[in-house]
Amino acid sequence: MESPDSSWMQCTLCRTSREGCNTLRRARDRGVAWPEPNMGMGNPIEEPVIHTSLDDAFASMLQFMSISTRKCKRYHGSHAPHIRGSREEQHSLRFHSPLYTPAITSNPLSKPTSVQVNAAPGTYSISAARAHKETTHVVRLEPGKSVSVTLSV
C-alpha cells in the first residue's frame with residue numbers, strides 16, 4: 001500500500017512530465033527566424049573576461065548567500081503557523097535559527113600569533129604585514145642572549 005506522500009509525489013511527477021512534453025511540443029511548433037551572426041563583432045552574449053581576486057569571489061558568494069537566505073526566511077515566515085507543514089517547520093528550525101547561522105564577529109586570522117625562532121648571533125630585520133600595513137623591527141642578537149619582539153599590525 002502506498003503512503004499518501006508517495007502518491008502525491010507520483011502525481012506531481014506525472015504532471016511535471018506532461019507539462020514538459022507540452023512545452024517541448026509548443027517549442028517545436030513555433031517557427032523562429034534567428035538573425036544571422038555578425039562576423040565583425042564578438043558574441044554579444046559573452047561577458048568580458050574579468051579577473052577578480054579570491055576575496056572578491058568569496059565576498060560575492062557571501063552576498064548572494066545572504067540574499068538567498070533572507071528571501072528564503074521571508075518566504076517560510078510568510079506562512080501562517082497552522083498552515084506550515086512539518087517540512088517547512090524543520091527547514092526553518094534547521095537553516096534560519098540563530099543556533100545554525102552564527103554571526104561572524106571577528107576575523108580568525110586576526111588572532112595574536114606567537115613565533116619562536118632560534119638564530120645565530122647577528123643583526124636581523126623582522127617584518128609582519130597585513131593587507132596594506134607593514135611593521136618592521138631591526139634586532140641585534142648577542143651571543144647567549146634572547147630577544148622578545150612584539151609586532152602590532
Side-chain angles (χ1 to χ4, degrees), residues 2-119 124-139 148-153:
E2 290 186 358
S3 70
D5 286 342
S6 176
S7 63
W8 176 84
M9 176 91 61
Q10 186 66 28
C11 186
T12 301
L13 290 173
C14 291
R15 282 193 311 264
T16 304
S17 174
R18 280 194 304 269
E19 284 298 316
C21 289
N22 288 338
T23 303
L24 179 61
R25 184 185 46 75
R26 285 193 315 265
R28 283 184 186 156
D29 293 344
R30 189 176 300 144
V32 177
W34 295 101
E36 291 297 319
N38 198 352
M39 295 303 190
M41 304 173 95
N43 188 350
I45 297 174
E46 288 181 7
E47 294 183 14
V49 177
I50 299 172
H51 299 284
T52 60
S53 70
L54 192 57
D55 289 337
D56 292 341
F58 278 113
S60 295
M61 284 303 300
L62 183 62
Q63 180 183 10
F64 290 133
M65 290 172 63
S66 175
I67 291 169
S68 298
T69 300
R70 194 169 44 247
K71 287 183 178 183
C72 183
K73 189 174 182 179
R74 191 178 328 149
Y75 169 78
H76 285 286
S78 67
H79 300 304
H82 66 280
I83 296 175
R84 282 189 209 154
S86 63
R87 288 185 182 176
E88 285 85 3
E89 196 64 37
Q90 286 175 341
H91 172 87
S92 293
L93 289 173
R94 182 174 181 193
F95 295 110
H96 302 298
S97 167
L99 179 66
Y100 290 100
T101 55
I104 297 173
T105 57
S106 66
N107 183 350
L109 299 176
S110 66
K111 295 178 182 173
T113 304
S114 177
V115 178
Q116 181 178 356
V117 178
N118 294 326
Y124 296 94
S125 174
I126 303 171
S127 299
R130 181 186 311 154
H132 302 293
K133 185 178 177 187
E134 182 175 329
T135 303
T136 302
H137 286 287
V138 177
V139 176
S148 177
V149 178
T150 302
L151 301 172
S152 298
V153 183

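Both backbone and side-chain heavy atoms feed into the values below; hydrogens, waters and symmetry mates do not.
Side-chain atoms of T69 come within 3.5 Å of backbone N or O of M65 as a donor-acceptor pair. S66 places no side-chain N or O within donor-acceptor distance of the main-chain N or O of L62, the cut-off being under 3.5 Å.
Here the CZ atom belonging to R18 is positioned 11.0 Å from the CG atom belonging to L13, to the nearest 0.5 angstrom. Here Y75 contributes atom OH and E88 contributes atom CD; the two are 6.5 Å apart, rounded to the nearest 0.5 Å. Here CZ of R15 is found 9.5 Å from CD of E19. Values are rounded to the nearest 0.5 Å.
Among residues two or more places apart in sequence or in another chain, the salt bridge (Lys or Arg N to Asp or Glu O under 4.0 Å) test is passed with R25 by D29. Residues satisfying the side-chain contact (heavy atoms from CB on, under 4.5 Å) test with S127, not counting sequence neighbours, are S125, E134, T136. Residues that satisfy the ring pair (Phe, Tyr, Trp, His ring centres under 6.0 Å) test with H137, not counting sequence neighbours, are absent from this structure.
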